[in-house]
Protein chains: 2
Amino acid sequence: MKKAAATRRDILQKAFGLIYTKGYQTTSIDDILATTQVTKGAFYYHFRNKDEMGLAIIEEIMKPALTEGLIEPLLRQPDPLKAIYDMMYGLLMKNDFLKVEYGCPAANLTQEMTPWNEDFSKALEELTQQWQKVMSAAIEKGKKGGLVRKDVHAKQVTLFVMSGYWGIRNFGKLENSKSVYLPFLKALKQYLDALR
Amino acid sequence: MKKAAATRRDILQKAFGLIYTKGYQTTSIDDILATTQVTKGAFYYHFRNKDEMGLAIIEEIMKPALTEGLIEPLLRQPDPLKAIYDMMYGLLMKNDFLKVEYGCPAANLTQEMTPWNEDFSKALEELTQQWQKVMSAAIEKGKKGGLVRKDVHAKQVTLFVMSGYWGIRNFGKLENSKSVYLPFLKALKQYLDALR
DNA sequence: ACAAAAACATACCGACTAGTATGTTTTTGT
DNA sequence: ACAAAAACATACTAGTCGGTATGTTTTTGT
C-alpha cells in the first residue's frame with residue numbers, strides 16, 4: 001500500500017500541472033499517461049474516470065496547498081491588512097509555481113468547469129469559501145484590535161479583494177507579463193490603507 | 001451579396017452564443033451547424049477554419065458590442081465615477097444577455113484561449129485596451145473637472161476596477177447566483193466614492 | 001510458501017473531432 | 001438569356017477522445 005499511493009500522488013500532481021497549463025478539457029488522459037509514464041490500466045485502477053481524478057486534484061492537491069500556502073501564513077500575521085497585501089504580493093510576484101501566462105489554477109478550473117460539472121463547482125466553492133472565511137475573520141479581528149476601521153464590512157472587502165485577484169490573474173494571462181501586477185498592487189495597497 | 005452576408009452574420013451570432021455558454025474548445029463545428037441549420041460546405045465557404053471564425057466573432061460581434069453598449073454610454077455620462085459604477089451595475093444586474101452562470105464572454109475567451117492562440121490574445125487585448133483607455137480618459141477628465149481627486153492614478157484605478165469585474169463574474173459562475181454581485185457593488189461604490 | 005487480492009499492462013472500441021473532396025444550386029454581371 | 005462565379009450541400013477521412021475488456025505482475029495476509 002505504499003507504491004500504489006505514490007503512483008496515485010504522482011498522477012494527481014503531474015495531471016494538476018498539465019491542467020494548470022493546458023486546461024482541464026484539453027488535457028487528455030493520454031497526455032497524463034505520457035508525462036507520468038503510467039499505463040491506462042493503472043490510471044483506471046486508481047480513478048473511475050477523468051472527472052473523479054479532477055475532483056481528487058481539487059481535494060488532495062489544491063485544498064492542502066491553499067491551507068499550507070495561504071491560510072496558515074494569514075493566521076500568523078497579526079495585522080490583517082498587511083497580511084492580505086503580503087499574501088497578494090507573494091502570490092503575484094514571488095510564487096514560482098504560479099506563472100503569469102497560466103493564471104490562477106482555481107479561477108481557471110472555476111471558469112472552465114462550472115457549466116459542466118456540479119461536483120467541481122461544489123469542491124471549488126468549498127476551496128474559495130475557506131479562503132474567504134479566513135480573510136474575513138482576520139479583518140474582523142483587526143476591527144477589534146483597532147487595526148481596521150469599525151465600519152468596514154469584512155465580507156464585502158474580502159469579496160472585493162478576491163475578485164480583484166482573480167481578475168488581475170486573467171489580465172496577466174492576456175498581457176503575458178507580470179508588469180500589470182504592479183499597478184494592481186499599488187491600487188490594492190491604497191484601497192487597503194483606506195480601511196485603516 | 002446580401003443573403004451570404006446574412007448567413008455569415010447568423011453563424012457568428014449563434015456561434016458566439018454557443019461559445020459564451022459552452023466554451024470555445026468544447027463548442028464543435030457540428031454544434032454550430034446544428035443550431036444555425038447551415039451545412040458544413042457553407043460554413044467552410046465563409047471561414048477557412050474554426051479559429052478564423054473565432055477571431056471574426058471577436059472582431060465583428062464583441063468589439064462592436066463593447067463600443068455600442070459600454071463605450072458610448074461611458075462617454076455620455078459627465079461624472080466618471082458615477083459612469084463607472086452605473087456601467088458595472090448595468091453589466092451585472094440589468095444586462096439580460098449576460099447570464100451569471102456563464103460569466104463574462106471576454107474573460108472566458110481570454111482564460112481559455114490565451115495559452116493556445118496568439119491571434120486571439122491580440123484581438124482580446126485590443127478589446128480590453130479600448131475599454132481601459134476610455135475609462136482612464138473619463139477619470140482624467142474628471143480630475144480636471146474637480147469630480148475626481150487630483151492624486152488619483154487613473155490607469156491604476158481602471159485596472160483595479162476591471163480586474164474586480166472579471167473576478168466577480170467568475171465568482172458569480174461559481175455561486176451560480178447574482179447575490180454575490182450586491183456586496184461587490186457596495187464595495188465598489190465605497191472604493192469609487194473614496195476617489196472623490 | 002502460496003493463494004488471493006491489489007496493482008498494473010496491452011489491445012481495442014465506438015463516438016466524436018476538424019477539415020476536405022466533390023459535387024449542386026443560386027446569384028451576378030453583361 | 002446565359003456563362004461565370006459565388007454560395008451552399010453531401011459524403012467522407014484521418015486522427016483523437018474517454019473508456020473497457022482482458023490479460024499479467026506484484027504485493028499481501030496467513
Side-chain angles (χ1 to χ4, degrees), chain A residues 1-58 60 108-109 112-120 123, chain B residues 1-58 60 109 112-113 115-120 123:
Chain A
M1 279 282 190
K2 211 70 176 292
K3 187 90 182 309
T7 304
R8 184 191 163 93
R9 268 185 65 87
D10 194 47
I11 293 173
L12 290 178
Q13 283 173 340
K14 297 243 172 70
F16 172 64
L18 284 171
I19 290 165
Y20 173 46
T21 58
K22 297 185 40 164
Y24 180 81
Q25 319 229 37
T26 42
T27 295
S28 72
I29 290 175
D30 285 340
D31 281 339
I32 297 167
L33 302 183
T35 64
T36 52
Q37 303 275 46
V38 157
T39 63
K40 204 161 254 194
F43 180 92
Y44 278 97
Y45 171 79
H46 287 285
F47 308 102
R48 240 191 289 275
N49 49 45
K50 191 185 177 184
D51 284 358
E52 192 180 288
M53 179 212 62
L55 284 174
I57 287 175
I58 301 177
E60 298 170 34
N108 292 356
L109 259 187
E112 192 181 357
M113 296 310 291
T114 278
W116 298 104
N117 190 312
E118 263 189 48
D119 294 330
F120 275 67
Chain B
M1 281 281 191
K2 209 70 177 291
K3 185 87 183 311
T7 303
R8 183 191 164 92
R9 268 185 64 87
D10 194 47
I11 292 173
L12 290 178
Q13 284 174 339
K14 297 243 172 71
F16 171 64
L18 284 171
I19 290 165
Y20 173 47
T21 59
K22 297 185 40 165
Y24 179 81
Q25 320 227 39
T26 41
T27 295
S28 72
I29 290 175
D30 285 340
D31 281 339
I32 297 166
L33 302 183
T35 64
T36 52
Q37 303 275 46
V38 158
T39 63
K40 204 159 255 193
F43 180 92
Y44 278 97
Y45 172 78
H46 287 285
F47 308 101
R48 240 192 290 274
N49 50 43
K50 192 185 176 183
D51 283 359
E52 191 180 288
M53 179 210 63
L55 285 173
I57 287 175
I58 301 177
E60 298 170 36
L109 259 188
E112 192 181 356
M113 297 309 291
W116 299 105
N117 189 311
E118 263 189 48
D119 294 330
F120 274 68

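Lettering of chains follows the sequences in order, A, B, ..., and the numbering in each one begins at 1. Note that these values count all heavy atoms, side chains included, but never hydrogens, waters or copies made by symmetry.
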Partner set under side-chain hydrogen bond (donor to acceptor under 3.5 Å, both in side chains) for [X], not counting sequence neighbours:
X	answer
A/K40	A/D30
A/Q25	none
A/Q13	none

State the [atom1]-[atom2] distance between [X] and [Y], to the nearest 0.5 angstrom.
X	Y	atom1	atom2	result
B/T26	B/I19	OG1	CD1	9.0 Å
B/L18	B/I11	CG	CD1	12.0 Å
B/K50	B/Y44	NZ	OH	9.0 Å

Under-4.0 Å side-chain N/O to phosphate OP1/OP2 contact, A/H46 with C/dA6 = no
request  = Check side-chain contact (heavy atoms from CB on, under 4.5 Å) between B/A56 and all other residues, then give those that pass, not counting sequence neighbours.
outcome  = B/R8, B/L12, B/F47, B/E60
note = Across all chains, not counting sequence neighbours, the side-chain contact (heavy atoms from CB on, under 4.5 Å) partners of A/K14 are A/D10, A/T35, A/T36
message = Just so I know, are the side chains of A/D119 and A/D51 near enough to count as touching, which here means a heavy-atom distance under 4.5 Å?
response = no
key: Residue pairs fulfilling salt bridge (charged side-chain N to carboxylate O under 4.0 Å, His left out) with at least one residue in residues 16-25 of chain A, sequence neighbours excluded   = A/K22-A/D31
request  = Describe the nucleic acid contact of B/Y44 in one word from base, sugar-phosphate, nothing, applying a heavy-atom distance below 4.0 Å.
outcome  = base
Quick one: [X] [atom1] to [N] [atom2], roughly how many Å, whole number?
X	N	atom1	atom2	value
B/I11	C/dA18	CD1	C1'	15 Å
A/Q37	C/dA9	CD	P	10 Å
B/F43	D/dT10	CZ	C1'	17 Å
A/F47	D/dT20	CZ	C1'	18 Å
B/E52	C/dA18	CD	C1'	14 Å
A/K50	C/dC16	NZ	P	16 Å

inquiry  = Please enumerate all residues that pass ring-ring contact (aromatic ring centres under 6.0 Å, His included) together with A/Y24, with sequence neighbours excluded.
reply    = A/F120
task = Could you check which residues of residues 17-33 of chain B get a heavy atom under 4.0 Å from DNA chain D? Sort them by number, please.
result = none
note = The correct list of stems in which DNA chain D takes part (3 or more consecutive Watson-Crick or G-U pairs, distances under 3.5 Å) is C:1-30 with D:1-30
Review item, nucleotides 11-14 of chain C N/O atoms under 3.5 Å of protein N/O:
none

ask   = With respect to the side chain of A/T39, which nucleotide from D/dT20, D/dT10, C/dC8 is positioned closest?
value = C/dC8
